[in-house]
Engineer: 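The structure's right below; bear with me while I get my questions together.
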Amino acid sequence: MRYQRPKGTADTLPADTRHWQYVEGIARDVFAKYRFEEIRTPMFENFEVFSRTSGDTSDIVTKEMYDFKDKGDRHITLRPEGTAGVVRAFVENKLYGPETQKPYKVYYMGPMFRYERPQSGRLREFHQIGVEAFGSDEPALDVEVIAVGRDLLKHFGIDNVRLAVNTLGDQQTRDDYRKALVAYLEPHYEELSDDSKTRLYKNPLRVLDSKDEQDQKFVEGAPSILDYLTPEAQAHFDEVQNLLKALDIPFEIDPTMVRGLDYYNHTIFEFMVNSKALGHGYTTICAGGRYNGLVSELGGPEMSGVGFGMGVERLLLLMQGEGVAFPDQHPLDAYLVGIGEGANAATLQVVQALRGQDFAADRDYLARKPKAQFKTADKLNAKYTLTIGEEELKTNTIHVKNMASGNEVTVPVANVTSDFAAVIANID
RNA sequence: GCGGUAUUGGUGAAGUUUGGUUAACACACCGGAUUGUGGUUCCGGCAUGCGUGGGUUCGAGUCCCACAUACCGCCCCA
């Protein structure tokens, strides 16, 4: 017990990696259908990659960054989210150039880091699966990204989701709305919660997100961003809604929904679920939006982007809470029982031969008694148990038993080592 | 970063209120029930130790302090 893992980290053991592999496998399959390809970027980046993009006043930058100076005095940050790194790579590798097809669609899955107080489904090292699509301002791309997210969740067995969408409009919209919101809230300054008092000037939109009951009263009467949309922003948002309807994707508009990261504009969305597994009420499992301007912010040309991120730990909690069945991806075809020391080499040869025929095979390595070995075969859910003892060694045979039916047969060892499939075809 | 609860074997845990020799029970695991056969049953084995470090006491798993970690709430978010 002397060494323990760092606070907020987790060891994922085989009982769980099974689930992770299942989830990752499904994600890859779904993304392939939408023609998103995988991109892998570093787990750490220069501090500025995140501080420039997430917003100086965002909580991520001000208190949740896992950052440090390396031996070369470089200010390094363990990535707290996926988008900034992908955008940096997009710019650095000049993927905005004419030789890449637009939209340029990629996905990622991997660890992210945030320095915060751990809770269940909330770690300092956690994992996200996300997508990014660059190079189109068309609302159709917003909807495509939303559609992938929904399809993903559906494939994970999460059907009962609520899709909330909102728009933050363009820069003009944001400026106008910000002014209106501050003007509305300022007279109530003294009545706001302490948190909201500081938010009011740093990032007034965040006041809308306050859970404080008193704040909520003001939020109810606050001006809606939807009334400040420029004609272009309105047209974009309208079309997103039209296309969602065209795809029969149910959604609701939540004009108070905001984002913790500053780089979003136009469409933002969240997939929420109401599951006890994730605490009370609706919890966000997948969130994203459009981030036009981020590419140029990181030194690229004016090129738009849209994407989402999904928390894997939360997803797995949710799937387990909803009783989603995870298939056993590594069933055991054959378990070898060896009786007596003389059988040691023979069982090893058979196990190896079976593996050569693409069967999953295992044996006892503890020199245990036959009874214990059979118990193990049963416990491991072996489909077949093969036995080699003194009798079999003498006659160069092997005993094969179908564990489900109880049927058994003795055949020459060579039959098993050359074509096990034919042997079992006869005893099923 | 703030507040609260918890921490006993491989696991779930009782015991902490009223400090006093041997840490309950169950599961898992291992072994056995006439010598080579599974899922049932029966029998037996399995914590010199109660998160870590101090302290109080004749004596502490049980009281006090610090630290670590987990969980819950706030903040925020995936």
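Note on naming: letters A, B, ... go to the chains in the order of the sequence lines (proteins, then strands), and numbering restarts at 1 for each one.
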Engineer: Between U69(B), G38(B), C75(B), which one does the side chain of Lys401(A) approach most closely?
Structural biologist: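 Per side-chain heavy atoms of Lys401(A), the pick is G38(B).
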Engineer: For Phe126(A), is the NZ or CZ atom of Arg122(A) found under 6.0 angstrom from the centre of its six-membered ring and inside 45 degrees of the ring axis?
Structural biologist: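 The answer is no, since Arg122(A) fails at least one limit relative to Phe126(A).
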Engineer: In whole Å, what separates the C1' atom of A14(B) from that of C27(B)?
Structural biologist: 15 Å
Engineer: Respond yes when some side-chain nitrogen or oxygen of Lys371(A) is under 4.0 Å from OP1 or OP2 of U37(B), and no when none is.
Structural biologist: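 Checking Lys371(A) against U37(B): no side-chain N or O falls below 4.0 Å of OP1 or OP2.
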Engineer: Name the nucleic acid region contacted by Thr387(A), choosing base, sugar-phosphate or nothing; use a 4.0 angstrom heavy-atom cut-off, strictly under.
Structural biologist: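 Since a base atom lies under 4.0 Å of Thr387(A), the category is base.
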Engineer: Base, sugar-phosphate alone, or nothing: which one does His399(A) contact when heavy atoms must sit under 4.0 Å apart?
Structural biologist: base
Engineer: Atom CG of Asn407(A) to atom P of U37(B): distance rounded to whole Å?
Structural biologist: 18 Å
Engineer: Could you check how far CG of Leu393(A) sits from P of G36(B), rounded to whole Å?
Structural biologist: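 The distance from CG of Leu393(A) to P of G36(B) comes to 14 Å, rounded to the nearest Å.
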Engineer: When you match Leu123(A) and Gly8(A) each to their closest nucleotide on RNA chain B, which lands nearer the 5' end?
Structural biologist: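 Nearer the 5' end of the strand: Gly8(A).
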Engineer: Using the P atom on both, measure C63(B) against U7(B) and round to a whole Å.
Structural biologist: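 Between the two P atoms, the distance is 11 Å.
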Engineer: Is the shortest side-chain N/O distance from Lys369(A) to OP1 or OP2 of C30(B) below 4.0 Å?
Structural biologist: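 Checking C30(B) against Lys369(A), no side-chain N or O comes under 4.0 Å of OP1 or OP2.
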Engineer: Tell me which nucleotide among U69(B), A78(B), G36(B) gets nearest to the side chain of Lys7(A).
Structural biologist: U69(B)
Engineer: If you check the Arg114(A) side chain, which of G36(B), G31(B), A78(B) turns out closest?
Structural biologist: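 Of G36(B), G31(B), A78(B), A78(B) is nearest to the side chain of Arg114(A).
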Engineer: Distance check needed: A70(B) C1' versus Gln119(A) CD, whole Å only.
Structural biologist: 11 Å
Engineer: Consider the side chain of Arg117(A), meaning its heavy atoms from C-beta on, and name the nucleotide among C2(B), C77(B), G36(B) that approaches it most closely.
Structural biologist: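 Within the option list, the nearest is C2(B).
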Engineer: Using atom CD of Glu392(A) as one end and atom C1' of G36(B) as the other, report the distance to the nearest whole Å.
Structural biologist: 8 Å
Engineer: Where the side chain of Lys379(A) is concerned, which of C75(B), C29(B), U69(B) is the nearest nucleotide?
Structural biologist: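 Nearest to the side-chain atoms of Lys379(A), counting from C-beta on, is C29(B).
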Engineer: May I have the step-by-step check of ring-ring contact (aromatic ring centres under 6.0 Å, His included) for Tyr104(A) and Phe90(A), ending in yes or no?
Structural biologist: CA-CA 9 Å; Tyr104(A) 187 78; Phe90(A) 181 79; 5.7 Å; yes
Engineer: Which one, G38(B), G36(B), C75(B), comes nearest to the side chain of Met403(A)?
Structural biologist: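 Looking only at heavy atoms from C-beta outward on Met403(A), the closest nucleotide is G38(B).
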Engineer: Can a salt bridge be assigned to the pair Glu37(A) and Arg35(A) using a cut-off of 4.0 Å between side-chain N and carboxylate O?
Structural biologist: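 Result for this pair is no, no salt bridge flagged.
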Engineer: Roughly how many Å is it from CZ in Arg368(A) to P in G32(B), rounded to a whole number?
Structural biologist: 11 Å
Engineer: Is the closest basic N to carboxylate O distance between Arg162(A) and Glu252(A) below 4.0 Å?
Structural biologist: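 Answer for the salt bridge query: yes.
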Engineer: Under a 3.5 Å cut-off for both distances, is A13(B) Watson-Crick or wobble paired, and to whom?
Structural biologist: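 Matched A13(B) with nothing under the 3.5 Å cut-off.
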Engineer: Which of these nucleotides, A70(B), G31(B), C77(B), is closest to any side-chain atom of Arg314(A)?
Structural biologist: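 Closest nucleotide to the Arg314(A) side chain: C77(B).
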Engineer: Which nucleotide wins on minimum distance to the side chain of Lys375(A), given the candidates G36(B), G39(B), G4(B)?
Structural biologist: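 Per side-chain heavy atoms of Lys375(A), the pick is G39(B).
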Engineer: For the pair made of CZ in Arg5(A) and C1' in A70(B), what is the distance, rounded to whole Å?
Structural biologist: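 Nearest whole value for this atom pair: 9 Å.
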Engineer: Does Arg79(A) make a cation-pi contact with Phe44(A) (under 6.0 Å, within 45 degrees of the axis)?
Structural biologist: no
Engineer: Using a cut-off of 4.0 Å on non-hydrogen atoms, how would the nucleic acid contact of Glu390(A) be classed: base, sugar-phosphate, or nothing?
Structural biologist: base
Engineer: Looking at every strand, decide which applies to Leu315(A) at a 4.0 Å heavy-atom threshold: base, sugar-phosphate, or nothing.
Structural biologist: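 Nothing, no heavy atom under 4.0 Å.
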Engineer: Ion pair present between Glu81(A) and Arg114(A), side-chain N to carboxylate O less than 4.0 angstrom?
Structural biologist: no
Engineer: Would you mind reading off the distance between Gln373(A) atom CD and C30(B) atom C1', rounded to a whole angstrom?
Structural biologist: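 Nearest whole value for this atom pair: 15 Å.
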Engineer: Using whole Å, what does the distance between atom C1' of nucleotide A78(B) and atom CD of Glu132(A) come to?
Structural biologist: 14 Å
